[in-house]
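Have a look at the structure below before the remarks.
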Amino acid sequence: MSNKHKKTLNNIFYNPIKSSILWSDIESLFKALGAHIEEGSGSRVCILLNNVAAVFHRPHPQKETDKGALKSVRNFLINAGVKNDDV
């Protein structure tokens with residue numbers, strides 16, 4: 001995992017939740033963790049990581065992920081067995 005991915009993971013688990021994380025950085029982290037990513041309809045993206053599935057909506061028109069979606073990403077990673085101390 002690159003330093004950029006480690007930084008993204010740290011930002012996802014940072015408290016209080018940040019609202020400035022780019023969705024493209026989150027998708028890149030998913031790929032680095034070995035996730036399978038499929039395009040859904042509209043802005044949906046389906047993620048499968050460690051046999052845990054989730055569906056997220058890519059933010060638009062902005063590029064940053066909002067706090068609610070970031071909470072969902074954090075919970076998804078926890079459920080998939082990824083923790084901040086894994087970096």
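These numbers were taken from a predicted model, which means no experiment stands behind them.
- The two residues Glu27 and Ile37 have their closest heavy-atom pair at O-CD1, 3.9 Å.
- Residues Val55 and Cys46 approach most closely at CG2-SG, 4.0 Å, considering heavy atoms.
- Minimum interatomic distance between Asn11 and Lys18 (heavy atoms only, all atoms of both residues): OD1-NZ, 3.1 Å.
- Taking NZ from Lys4 and CG from Leu29, the interatomic distance works out to 11.0 Å, rounded to the nearest 0.5 Å.
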Exercise. Could you walk me through whether His5 and Thr8 pass the side chain to side chain donor-acceptor pair (under 3.5 Å) check?
Worked result: CA-CA 5 Å; His5 295 133; Thr8 300; over 6 Å; no
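- For the pair Asp66 (side chain) and Gly68 (backbone), a donor-acceptor distance under 3.5 Å is present.
- Under the 4.5 Å side-chain contact rule for hydrophobic residues, Val82 and Ile78 share a cluster.
- Ile12 places a side-chain heavy atom less than 4.5 Å from the side chain of Ile26.
- A pairwise comparison of heavy atoms in Leu22 and Thr65 identifies C-OG1, 4.1 Å as the closest pair.
- Every residue was checked against the side-chain hydrogen bond (donor to acceptor under 3.5 Å, both in side chains) condition with Asn51, not counting sequence neighbours, and none meets it.
- A pairwise comparison of heavy atoms in Ala54 and Phe76 identifies CB-CD1, 3.4 Å as the closest pair.
- For the atom pair NZ of Lys6 and CE of Met1, the computed distance is 7.5 Å after rounding to the nearest 0.5 Å.
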For this session: Check the pair His36 / Glu38 against side chain to side chain donor-acceptor pair (under 3.5 Å), numbers first and verdict last.
Result: CA-CA 7 Å; His36 176 72; Glu38 282 188 25; 3.1 Å; yes
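- Taking the six-membered ring for Trp and thresholds of 30 and 60 degrees, Phe56 and Phe30 have nearly parallel ring planes, at less than 30 degrees apart.
- No side-chain donor-acceptor contact under 3.5 Å links Ser28 to the backbone of Ser24.
- Distance check: His60 NE2 to Ser43 OG gives 3.5 Å after rounding to the nearest 0.5 Å.
- Taking CG from Leu77 and CG from Leu33, the interatomic distance works out to 6.5 Å, rounded to the nearest 0.5 Å.
- Looking at Glu39 and Arg58, a side-chain N of the basic residue comes within less than 4.0 Å of a carboxylate O on the acidic one, giving a salt bridge.
- For Lys31, there are no salt bridge (Lys or Arg N to Asp or Glu O under 4.0 Å) partners, not counting sequence neighbours.
- Remark: Arg74 pairs with no residue by the salt bridge (Lys or Arg N to Asp or Glu O under 4.0 Å) rule, at least two apart or across chains.
- Using a 4.5 Å cut-off between side-chain heavy atoms of Ile, Leu, Val, Met, Phe, Trp and Tyr, with links allowed through other members, Ile47 and Val52 fall into the same hydrophobic cluster.
- If you take CG on Asn79 and CG on Leu49, they are separated by 10.5 Å, rounding to the nearest 0.5 Å.
- Taking CD from Gln62 and OG from Ser19, the interatomic distance works out to 10.5 Å, rounded to the nearest 0.5 Å.
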